[in-house]
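The structure appears right after this line, and notes come after that.
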Protein chains: 2
Amino acid sequence: MATSTPNDNLGSESPVPEVVIQRLPLYVRVLSQFSSSGNDLISSEQLGAHLQMTPAQIRKDLSYFGRFGKQGRGYDVAMLEGELRSIMGLNRTWNAAVIGMGRLGRAVVAYPGFAPEGFNIIAAFDASAEIVGQTISGLAVQSISQLTDTVKNLDIKIGIVTVPIDHAQKVIDALVKAGIKSILNYAPLSPQVPEGVTIRGIDPVLSLQSMTYYIR
Amino acid sequence: MATSTPNDNLGSESPVPEVVIQRLPLYVRVLSQFSSSGNDLISSEQLGAHLQMTPAQIRKDLSYFGRFGKQGRGYDVAMLEGELRSIMGLNRTWNAAVIGMGRLGRAVVAYPGFAPEGFNIIAAFDASAEIVGQTISGLAVQSISQLTDTVKNLDIKIGIVTVPIDHAQKVIDALVKAGIKSILNYAPLSPQVPEGVTIRGIDPVLSLQSMTYYIR
DNA sequence: CAGTCTTTGTGATACAAAGCACACACGCAC
DNA sequence: GTGCGTGTGTGCTTTGTATCACAAAGACTG
């Protein structure tokens, strides 16, 4: 779905294309699979086969960040995974907050896939007075009015938006105002965010809609 | 996440770039919002403002399919939405099956967002003998061995994969073998699919991982 | 340790997508 | 019906991304 990200030409930092950044987590994933299946060396060819992309593209992508391979042998799986995690900021944990504790929000806080990857949901918010105060999956649901304070106090860096569509933009604005720079949006709208804030949308309907074209 | 799609140079049909196809549902969404807020004319400028993209790109995208606007006025909202829906194959309903009736599969079949957009989940499958036979959200869970038959009998065109990662590739292969050409994959792996099959992944972790780079 | 084989890293090249800018179509006013 | 304002559709240019292809680096072989 729609994504927006810093163009990142601030100063002279990374001129690394956004697409490349989006592929790195894929590499990390394949590498971790690969290493747990006993291999400790991998070639760009093998990596490419797993991801259905060309070896050249993988080498190009990696070359934005350094020289991690050895000619004639390939890449040390564990080492490359570590390097990529470090580049991406994945060798640490990140605190996240979920806003919207309806059906979807409950599913998100209960989802067991975040924590193992270092994403800890440590706060939950809702607008409804009936839900505020409840404990859901071990989280005490707070009022949205406490958002800014809690974000500051708990060092929350990521906001996950699971409110109904008609509240979504307001909530996103509030997150931005609270200083959040990374937002994961489950609401089916095209959100407006200022430059410098990255937002990614999760929207299965949009994915389905873009597939029917090919089977029409 | 990883997507794969027909390169679509079959015969001499549409040389329409994949990215364009992925944007059309966004246009449809904004148009439907816009019309329900009383407007019946929209310019590429306004559309662009909503989606944070340039007017020129929108006009270019639309020009792949025809000339829908009127100079000096813009686009008739309802008409354009209708045209786009027709182009995308969204002016009909599509039958879908969910494979994997664990936590995630249950959430998917219970999700109320699919049906209003014409995606009807009319079959559910699972490998576990305990789950097969249960009725979940009104669907009688079937054994995966019945997949091919049911797909044929019920005219199912879309497969939604919600099985654990270590079964996902097998299930995807089974769907492909059953003739499914559109797959929505919730399992966190990079699936292998033959050409001619479109697969889209829903993976919040991947989205989070590609955001941390910018706030590292 | 020379020769061969493999696989990287990367400049050069080809391809694809986005943006610009303007001619032209349409609507409206007078 | 002439003239003006607005916004489309699109050829051309610019920007961005992927691929090619090859030199150089390491490993292994006898």
Side-chain angles (χ1 to χ4, degrees), chain A residues 2-9 14-24 26-27 30-31 34 39-77 79-81 83-84 87 210, chain B residues 2-9 14-24 26-27 30-31 34 39-77 79-81 83-84 87 210:
Chain A
T3 64
S4 130
T5 0
N7 227 21
D8 218 7
N9 287 350
S14 69
V16 181
E18 162 83 19
V19 262
V20 174
I21 299 303
Q22 301 210 34
R23 282 193 291 261
L24 297 191
L26 293 173
Y27 301 161
V30 172
L31 289 168
F34 207 78
N39 275 293
D40 54 337
L41 224 47
I42 193 172
S43 67
S44 57
E45 179 104 21
Q46 292 172 291
L47 242 174
H50 277 274
L51 292 165
Q52 305 207 135
M53 53 200 293
T54 68
Q57 180 163 60
I58 288 164
R59 295 200 300 273
K60 237 307 157 50
D61 284 359
L62 297 179
S63 79
Y64 282 106
F65 304 99
R67 310 158 60 109
F68 306 114
K70 278 212 162 64
Q71 282 98 328
R73 293 184 64 61
Y75 303 88
D76 180 295
V77 176
M79 177 277 240
L80 184 55
E81 184 185 342
E83 289 284 354
L84 291 179
I87 290 162
S210 69
Chain B
T3 62
S4 131
T5 0
N7 228 18
D8 217 7
N9 288 349
S14 69
V16 181
E18 163 82 18
V19 263
V20 174
I21 299 303
Q22 301 210 33
R23 280 194 292 263
L24 297 191
L26 293 172
Y27 301 161
V30 172
L31 289 168
F34 207 78
N39 275 295
D40 54 338
L41 223 47
I42 193 172
S43 68
S44 57
E45 180 104 19
Q46 292 172 290
L47 243 175
H50 277 275
L51 293 165
Q52 306 206 134
M53 53 199 292
T54 66
Q57 180 163 58
I58 289 164
R59 296 199 301 271
K60 241 300 162 54
D61 283 358
L62 297 179
S63 78
Y64 281 106
F65 303 100
R67 310 158 62 110
F68 306 115
K70 277 212 163 64
Q71 281 96 328
R73 293 185 64 63
Y75 303 88
D76 180 295
V77 176
M79 177 276 240
L80 183 55
E81 184 185 341
E83 288 285 353
L84 291 180
I87 289 162
S210 69

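In what follows, chains carry the letters A, B, and so on, assigned in the order in which the sequence lines appear, proteins first and then strands, with residues in each chain numbered from 1.
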Provide, to the nearest angstrom, the distance between the CZ atom belonging to B:Phe68 and the P atom belonging to D:dG9. 9 Å
For residues 53-66 of chain B, which residue pairs qualify under salt bridge (Lys or Arg N to Asp or Glu O under 4.0 Å), counting only residues two or more places apart or in two chains? B:Arg23-B:Asp61
What's the verdict on side-chain contact (heavy atoms from CB on, under 4.5 Å) for A:Phe65 and A:Val16, showing C-alpha distance, side-chain angles and the deciding distance? CA-CA 9 Å; A:Phe65 304 99; A:Val16 181; 3.6 Å; yes
For nucleotides 24-30 of chain D, give me every protein contact, N/O to N/O, under 3.5 Å, one pair per line with atom names.
unit_1 : atom_1 : unit_2  : atom_2 : d
D:dA25 : O4'    : A:Gln71 : NE2    : 3.1

Could I get the full list of ring pair (Phe, Tyr, Trp, His ring centres under 6.0 Å) partners for A:Phe68, not counting sequence neighbours? none
Round to the nearest Å and state the distance from B:Glu45 atom CD to C:dA21 atom P. 15 Å
Side-chain N or O of B:Tyr75 less than 4.0 angstrom from OP1 or OP2 on D:dG9? yes
Could you please spell out the steps behind the side-chain contact (heavy atoms from CB on, under 4.5 Å) verdict for B:Leu62 and B:Tyr75? CA-CA 11 Å; B:Leu62 297 179; B:Tyr75 303 88; 3.7 Å; yes
At 4.0 Å (heavy atoms only), tell me whether A:Val20 reaches a base, stays on the sugar-phosphate, or touches nothing. nothing
List in chain and number order the residues that pass side-chain contact (heavy atoms from CB on, under 4.5 Å) with B:Arg73, two or more places apart in sequence or in another chain; answer none if no residue qualifies. B:Leu41, B:Lys70
For A:Glu83, give me all partners under side chain to side chain donor-acceptor pair (under 3.5 Å), at least two apart in sequence or on another chain. none
Think A:Ser43 has a side-chain N or O under 4.0 angstrom from the OP1 or OP2 of C:dT7? no
Looking at DNA chain C, which of residues 53-61 of chain B put a heavy atom within less than 4.0 Å of it? B:Thr54, B:Ala56, B:Gln57, B:Arg59, B:Lys60
Could you tell me which non-hydrogen atom of B:Leu84 sits nearest to which non-hydrogen atom of B:Leu24, and how far apart they are? CD2-CD2, 4.2 Å
Given atom CD1 of B:Ile21 and atom C1' of C:dA17, what is their separation to the nearest angstrom? 14 Å
Over how many whole Å does the gap from A:Gln52 atom CD to D:dA18 atom P extend? 16 Å
Could you tell me how far apart A:Leu47 (CG) and C:dT8 (C1') are, to the nearest whole angstrom? 13 Å
note: A:Gln22, atom CD; D:dA18, atom C1'; distance rounded to Å ~ 16 Å
Contact nearer the 5' end of DNA chain D, comparing B:Gly74 with A:Val19: B:Gly74
Rounded distance [0.5 Å steps], CD1 in A:Ile58 versus OH in A:Tyr27: 5.0 Å
Work out which heavy atom in B:Ile42 is nearest to a heavy atom in B:Gln46; give both atom names and the distance. CA-OE1, 3.4 Å
Most 5' of A:Tyr64 and B:Gly69 on DNA chain D, judged by nearest nucleotide: B:Gly69
Taking atom C1' of C:dA16 as reference, at what distance in whole Å does atom CZ of B:Arg23 sit? 12 Å
